[in-house]
Amino acid sequence: MDMILLAVDWALVLEKTLFIGFIISISLVVAMYATYGERKIAAFIQDRLGPNRAGPFGLLQPLADGLKLFMKEEIIPTSSNKVLFILGPSLAMITAMLTSAVIPWGDKVELFGRTISLQIADVNIGILYVFGILSLGVYGIMIGAWASNNKFSLMGGLRAASQIISYELAMGISLIALLMITGSLSLGEMVKQQQEGLWNVIVQPLGFFIFLVCAFAECNRTPFDLAEAENELIGGYHAEFSSMKLGFYLFAEYINMFISSAVMATLYFGGYDIIPFYDESAWGFSTNIMALLGAAALFVKILFFIFLFMWVRWTIPRFRYDQLMNLGWKGLIPLSLFNMIVTAAVILFLKK
Amino acid sequence: MDITQILFWFLSILAVFGALMMVTSKNPVYSVLWLIVVFFAISGHYILLNAQFLAVVNIIVYAGAIMVLFLFVIMLMNLNAETEPQKNKWLKIAGVIAGGSLMLVFIAALRHSNELIKTQVSMGGEAGLIKTLGKTLFTDYVLPFEISSVLFLSAMVGAVVIGKKGD
């Protein structure tokens, strides 16, 4: 076994492990405070105060909520399938986290004489990886819903799954238009192109809009949150879950929101590019400071998208189910096909 | 043994174990889940061969789309261990023979796989990367590629026609 251990670059393993841990804790903290943000924004929109008892401005509220979820009684219904009942929320959480591996969180950092890339894995099929994980997100919901052995849960799970599958198509087609422009599937490469040229949202406004709508649907957010329509389905797919298993489902939703905001910022809004139409290297800062500034810029964009998610949730009412399917299949798919064909025609015309 | 070999054995054992569990599980939902495990193991093999595109497409298409539909059907019909009908003995034997013949065909086809390794090496180990794949598909194999896409389209039209029946 000694021979094997020698063959590994331990510094790289350590570096990646630390970075993965860092990204996961950041995602968790952002998701935690996204719940606080959601309640504050809801309160603001509805002219209320929102949580303001725990700590200054209610800032400790997420900790109190988390503690409450942990301390609640863990109930596993007798008629449920126990293995799958536990597997469901775990899968939801894992798939929510996996996507963060290919997102470029910033440029390179130089520490202790090593150049560290602020991206866990720069695979050359990054965007397909995001897509693959997205299509796996269904399992957590479906397995949990079925294992509850409750008809309302099952209905919620089936709604969620069919909705995610339907909107994935339009999302994929809108991405094809983007890929024809960038000519690369690597997210790191896409950000570099946007740093030098235009942000993709300027060349692909319709594509971005379709992607945004589909992202709302994929995250099960209002106006597409029929999977947890409480007045039709009691609580939706997590009706039977209690304690931290319920917490995992709710948490996974907020992590999904965070990650899809990051993907949108990376694909269409230049990722860690700070100012469009401007070469930031003219400022003459060192590499490390530039990388930190870039990461901060990415975070500002992500927070804006999270705010957008919440803004829409507290402004627009929920769709009816047939409206949702009509929008997906008869509205967004033809629109994204049109966008794809126009993009292809323009590219061919310009290259002649 | 180096890391690649360890991974290869791990993935192979996982794939075979998953396949066995898939066939022997009484509960159809477990079968579907084990099949997904098998797909992941196979995708891992693709990554070991540096065929990242195939690996991800395998996940997206099979694990992400087709298996979800399987799960859909099984969950909606509420099939479980109790409702599983006792299968005919002859049916089981026929299944074994059919599966065995398929295995024979595979072994016969892969007996000469050494030559495939040579082509992979001559391309610098990059035969499975998306650039190489795209170029080959759109230059050497344009006609088969387009014909298969027409086939898919006709299948889609067929599905719509069947779905429209009864309106």
Side-chain angles (χ1 to χ4, degrees), chain A residues 1 3-9 13 79 81 83-84 87-88 91 95 98 102 121 123-149 151 153-155 157-162 164-166 168-169 172 179 183-186 237 329, chain B residues 1-7 9 25-37 39-40 43 46-47 50-82 126 128-134 156 160 163:
Chain A
M1 286 299 276
M3 299 300 290
I4 304 160
L5 297 182
L6 288 176
V8 180
D9 181 1
V13 172
S79 59
N81 184 323
V83 180
L84 296 185
L87 187 68
L91 269 182
T95 47
L98 275 175
V102 291
V123 284
N124 62 11
I125 42 155
I127 191 67
L128 285 180
Y129 173 87
V130 173
F131 228 70
I133 300 300
L134 202 74
S135 55
L136 295 179
V138 190
Y139 286 115
I141 295 176
M142 264 184 101
I143 290 173
W146 183 78
S148 313
N149 203 2
K151 286 199 175 62
S153 294
L154 185 62
M155 290 274 274
L158 290 177
R159 278 187 177 186
S162 49
I164 290 177
I165 293 178
S166 311
E168 224 167 56
L169 290 172
L179 295 181
S184 166
L185 290 168
S186 149
Y237 57 88
W329 288 95
Chain B
M1 282 217 287
D2 57 356
I3 295 271
T4 325
Q5 262 175 327
I6 295 173
L7 281 175
W9 283 110
S25 289
K26 283 268 186 290
N27 191 334
V29 174
Y30 284 166
S31 287
V32 170
L33 295 178
W34 279 113
L35 192 55
I36 295 167
V37 172
F39 284 138
F40 267 92
S43 275
Y46 285 141
I47 290 174
N50 206 14
Q52 302 165 348
F53 180 70
L54 260 186
V56 171
V57 165
N58 186 35
I59 297 281
I60 296 177
V61 174
Y62 285 96
I66 294 182
M67 282 299 118
V68 172
L69 294 183
F70 270 52
L71 216 55
F72 244 91
V73 173
I74 289 172
M75 287 178 177
L76 273 183
M77 293 171 73
N78 203 14
L79 300 174
N80 47 43
E82 291 88 60
E126 292 187 341
L129 292 191
I130 189 164
K131 249 185 194 141
T132 334
L133 202 68
M156 229 152 79
V160 171

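Chain naming here is simple, since letters A, B, ... match the order of the sequence lines and numbering starts at 1 in each. All figures in this text were calculated on a predicted structure; none of them were measured in a lab.
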For this session: Evaluate the side-chain proximity of Phe131(A) to Ile59(B): yes if any heavy-atom separation is below 4.5 Å, no if none is.
Result: no

Problem set entry | Residue part contacting chain A, namely of Val68(B), when any heavy atom lies under 4.5 Å | both

Exercise. Counting only heavy atoms not in Tyr62(B), do more than 12 fall under 6.0 Å of its OH?
Worked result: no

Problem set entry | Sub-4.5 Å side-chain heavy-atom contact between Gln52(B) and Tyr129(A) | no

Seminar exercise, completed: Scored by heavy-atom pairs under 4.5 Å with chain B, the best of Leu154(A), Leu87(A), Leu134(A), Leu84(A) is Leu84(A)

Exercise. Checking heavy atoms, do the side chain of Leu128(A), its backbone, both or neither come under 4.5 Å from chain B?
Worked result: both

Problem set entry | Value rounded to 0.5 Å, distance of CD1 in Ile36(B) from CG in Leu91(A) | 9.0 Å

Exercise. When rounded to the nearest 0.5 angstrom, what is the spacing between CE in Met75(B) and CD1 in Ile143(A)?
Worked result: 6.5 Å

For this session: Taking all non-hydrogen atoms of both residues into account, name the closest pair between Ala63(B) and Leu136(A) and its distance.
Result: CB-CD2, 4.1 Å

Seminar exercise, completed: Whatever's closer than 4.5 Å to a heavy atom in chain B on Leu158(A) counts as both

Problem set entry | Side-chain heavy-atom pair Tyr30(B), Val83(A) within 4.5 angstrom cut-off | yes

For this session: Using non-hydrogen atoms and a 4.5 Å limit, figure out which bit of Ile133(A) sits close to chain B: side chain, backbone, both or neither.
Result: neither

Problem set entry | Distance, nearest 0.5 Å, that separates CG of Leu33(B) from OH of Tyr139(A) | 8.0 Å

Seminar exercise, completed: CG of Leu69(B) to CD1 of Ile165(A), rounded to nearest 0.5 Å, is 5.0 Å

Problem set entry | Met142(A) side, atom CE; Ile74(B) side, atom CD1 - distance, nearest 0.5 Å | 9.5 Å

